[in-house]
Amino acid sequence: MAENEWLNKDFYKVLGVSKDATSEEITKSYRKLARKYHPDLNKTKEAEEKFKDISEAYDVLSNEDQRRKYDAIRQFAGGGARFAGGSGQGGFGGSASDFSDIFGSMFGGGADGPSVRFSTSGGGPTNLNDIFSMFGGGAGAGSPYGAGFGGDSSGYREPQEPRRGDDRNSKITLTFRQAVKGATVSLKAGGVQFKTHIPAGVKDGQKIRLPGKGKPGSNGGPAGDMYLQISVKNDTKFSLDGNDIVMPLPVTIGQAVAGARVKALGFDGEEVTFRVPAGTSSGTEVRVSGKGVSGRHGDLVGRVEICVPSKPTLGQKHDAKEFDKNSGEFVDEVAKKRE
């Protein structure tokens, strides 16, 4: 809004505040009115015009320099003041005594330059365009005020609230050992590379939240988060069941029937001993406590697999048949499970 139009606008009235209102009171009133008349919330033509008016008013009154100029011009207009060239002391008096300083700064004058006198005795030009023409220019282009006067003032828009950035989604594939033991991996987000730690015991398909690694926020808001989807490669021997590491445990018929202590190599290549109870069938799980996922109180689980010779001898075949004969009703019970 051009400053030569300020004579016709009462910005204090538009915002519903007094002329000595504080900046906080001005801002509070503006926000209240902006919410009421904002075009997104109030679709009427009247609201649209009202919103423009309150935006213009706030644009001026919220700026200390603009408000000072506005007050000076409004006071000038209200007093029926006129300009008088030459030197000497101004005639406003009271609160208007600093008009020379205000207008002097506008027109580039100072203590050593030509002074501007004001008088409230009536007469003289009361239109700013007439006043400006006395100095060889109008309020528009070519105004001696330069860019400050005569320029367009865009409607004020209330500062946006801080907004959290959007989240990102990413994927990563881990080896089975990395998933069990945990790993430090390198990732990239928004062109920036960073490292993060993947905790021990993550599962295939699991998502991990990385706080603050999403898209940047706006207006000072925090960054979003990154959600990292985990894929875990299969291992030829081991698998995860919760926090337990599961491995196959092959045993002989004799070990399964009579019971035995069976040695095997664990996940870290160390020798572990499983206790196989007498009468153990295939699929039975036996455990070594504390040998599961690191720090998760998991176990190493041996899943029993009863093995037989691929090419049994005649003696082995004879002994197997004798075993079945000696098992009595057990053979029939097994047969019923197949029905």
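Judged as a side chain to side chain donor-acceptor pair (under 3.5 Å), not a single pair has a partner in residues 325-338 (not counting sequence neighbours). Note on residues 308-319: no pairs pass salt bridge (charged side-chain N to carboxylate O under 4.0 Å, His left out), not counting sequence neighbours. Contacts classified as ring-ring contact (aromatic ring centres under 6.0 Å, His included) and involving residues 228-271 (residues at least two apart or in different chains) are given here: Phe176-Phe267, Phe238-Phe267.
The two residues Pro216 and Arg168 have their closest heavy-atom pair at CD-NH2, 4.2 Å. Listed here is the closest heavy atom pair of Pro162 and Gly220: CB-C, 4.2 Å. Here the closest heavy-atom approach between residue Asp167 and residue Arg164 is recorded as OD1-NH2, 2.9 Å. In plain terms, the two heavy atoms of Gln206 and Gly201 that are nearest each other are OE1-O, 4.4 Å. In terms of heavy atoms, Gln316 sits closest to Thr313 at OE1-N, 2.8 Å. In this structure, Pro277 and Val286 approach most closely via the heavy-atom pair CD-CG1, 3.9 Å.
Rounded to the nearest 0.5 Å, atoms OG (Ser62) and CZ (Arg67) are 10.0 Å apart. A distance of 6.5 Å separates CG of Leu300 from CD1 of Ile245, quoted to the nearest 0.5 Å. Here the straight-line distance linking atom NZ of Lys50 with atom CD1 of Ile54 works out to 7.5 Å at 0.5 Å rounding. Between Lys28 atom NZ and Leu33 atom CG the span is 12.0 Å, to the nearest 0.5 Å. Annotation: the span from Leu15 atom CG to Arg31 atom CZ amounts to 13.0 Å, rounded to 0.5 Å. The CZ atom of Arg177 sits 8.0 Å away from atom CG of Asp235, with the distance rounded to the nearest 0.5 Å.
Side-chain contact between Lys207 and Asn169: present, with at least one pair of heavy atoms (C-beta onward) separated by less than 4.5 Å. At least one side-chain heavy atom of His318 sits less than 4.5 Å from a side-chain heavy atom of Glu322. At a threshold of 4.5 Å between non-hydrogen side-chain atoms, the residues Ile230 and Lys171 do not count as touching. Counting heavy atoms from C-beta on, the side chains of Leu240 and Val180 come closer than 4.5 Å. Tyr227 is not listed as a side-chain neighbour of Ile208, based on a closest heavy-atom distance of 4.5 Å or more. Annotation: side chain of Phe11 is not in contact with side chain of Lys19 (no heavy-atom distance under 4.5 Å). Residues Glu48 and Lys52 have side chains in contact (heavy-atom distance under 4.5 Å, counting atoms from C-beta outward). For the pair Val60/Lys9, no side-chain contact is recorded, criterion being any heavy-atom separation below 4.5 Å from C-beta on.
Under the 3.5 Å distance criterion, with hydrogens and angles disregarded, no donor-acceptor pair is assigned to the side chains of Tyr58 and Ser29.
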Check your understanding: Step by step, would you call Asp204 with Ser231 a side-chain contact (heavy atoms from CB on, under 4.5 Å)?
Key -> CA-CA 5 Å; Asp204 185 62; Ser231 295; 3.9 Å; yes
Review point. Going through the checks in order, is the side-chain contact (heavy atoms from CB on, under 4.5 Å) test met by Met247 and Phe274?
Key: CA-CA 12 Å; Met247 61 176 286; Phe274 290 95; 4.1 Å; yes
Practice item. Could you please spell out the steps behind the side-chain hydrogen bond (donor to acceptor under 3.5 Å, both in side chains) verdict for Tyr12 and Asp71? Key: CA-CA 10 Å; Tyr12 292 103; Asp71 288 343; 2.8 Å; yes
Check your understanding: Which is it for Val288 and Asp299 under the side-chain contact (heavy atoms from CB on, under 4.5 Å) test, yes or no, and what are the steps along the way?
Key -> CA-CA 6 Å; Val288 177; Asp299 298 334; over 6 Å; no
Practice item. For Val301 and Asp241, run side-chain contact (heavy atoms from CB on, under 4.5 Å): C-alpha distance rounded to whole Å, both residues' side-chain angles, the deciding distance at 0.1 Å, then the answer. Key: CA-CA 9 Å; Val301 177; Asp241 183 8; over 6 Å; no
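Between the side chain of Glu49 and the backbone N or O of Glu46, no donor-acceptor pair lies under 3.5 Å. Judged by distance alone, the side chain of Asp244 and the main-chain N or O of Val246 form no donor-acceptor pair under 3.5 Å. With hydrogens and angles ignored, the 3.5 Å screen pairs no side-chain donor or acceptor of Gln66 with any backbone N or O of Asn63. No donor-acceptor pair under 3.5 Å is formed between the side chain of Glu56 and the backbone N or O of Asp53.
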Under 3.5 Å, sequence neighbours excluded: what are the donor-acceptor pairs made by side chains of residues 254-265?
from: Gln255; atom 1: OE1; to: Thr252; atom 2: N; distance (Å): 2.9
from: Gln255; atom 1: OE1; to: Thr252; atom 2: OG1; distance (Å): 3.4
from: Lys263; atom 1: NZ; to: Thr273; atom 2: OG1; distance (Å): 3.3

Residues 181-198 side chain polar contacts: donor-acceptor under 3.5 Å, at least two apart:
from: Lys181; atom 1: NZ; to: Asp268; atom 2: OD1; distance (Å): 3.2
from: Lys181; atom 1: NZ; to: Asp268; atom 2: OD2; distance (Å): 3.0
from: His197; atom 1: ND1; to: Ala183; atom 2: O; distance (Å): 3.4

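Take Glu64 and apply the salt bridge (Lys or Arg N to Asp or Glu O under 4.0 Å) test, not counting sequence neighbours, and it matches no residue. Under the ring-ring contact (aromatic ring centres under 6.0 Å, His included) criterion, Tyr37 pairs with no residue at all, not counting sequence neighbours. Taking the side-chain hydrogen bond (donor to acceptor under 3.5 Å, both in side chains) definition, one finds that Glu285 meets it with Arg303, sequence neighbours left out. Residues satisfying the salt bridge (Lys or Arg N to Asp or Glu O under 4.0 Å) criterion with Lys291, sequence neighbours excluded, are Glu270.
Within 6.0 Å of the CG atom in Asn234, the count of heavy atoms belonging to other residues, nucleotides or ligands does not exceed 12. A 6.0 Å sphere centred on NZ of Lys237 holds more than 12 heavy atoms belonging to other residues, nucleotides or ligands.
Val202 and Met226 fall within a single hydrophobic cluster, where Ile, Leu, Val, Met, Phe, Trp and Tyr are joined by side-chain heavy atoms under 4.5 Å apart, directly or via other members.
Between Asp225 and Lys215, no side-chain nitrogen of the basic residue sits less than 4.0 Å from a carboxylate oxygen of the acidic one, so the salt-bridge criterion is not met.
Alongside Val331, the hydrophobic cluster contains no other residue (criterion: ILVMFWY side chains under 4.5 Å). Side-chain contacts under 4.5 Å among hydrophobic residues (ILVMFWY), followed directly or transitively, place Phe330 together with Val334. Side-chain contacts under 4.5 Å among hydrophobic residues (ILVMFWY), followed directly or transitively, place Leu314 with no other residue at all.
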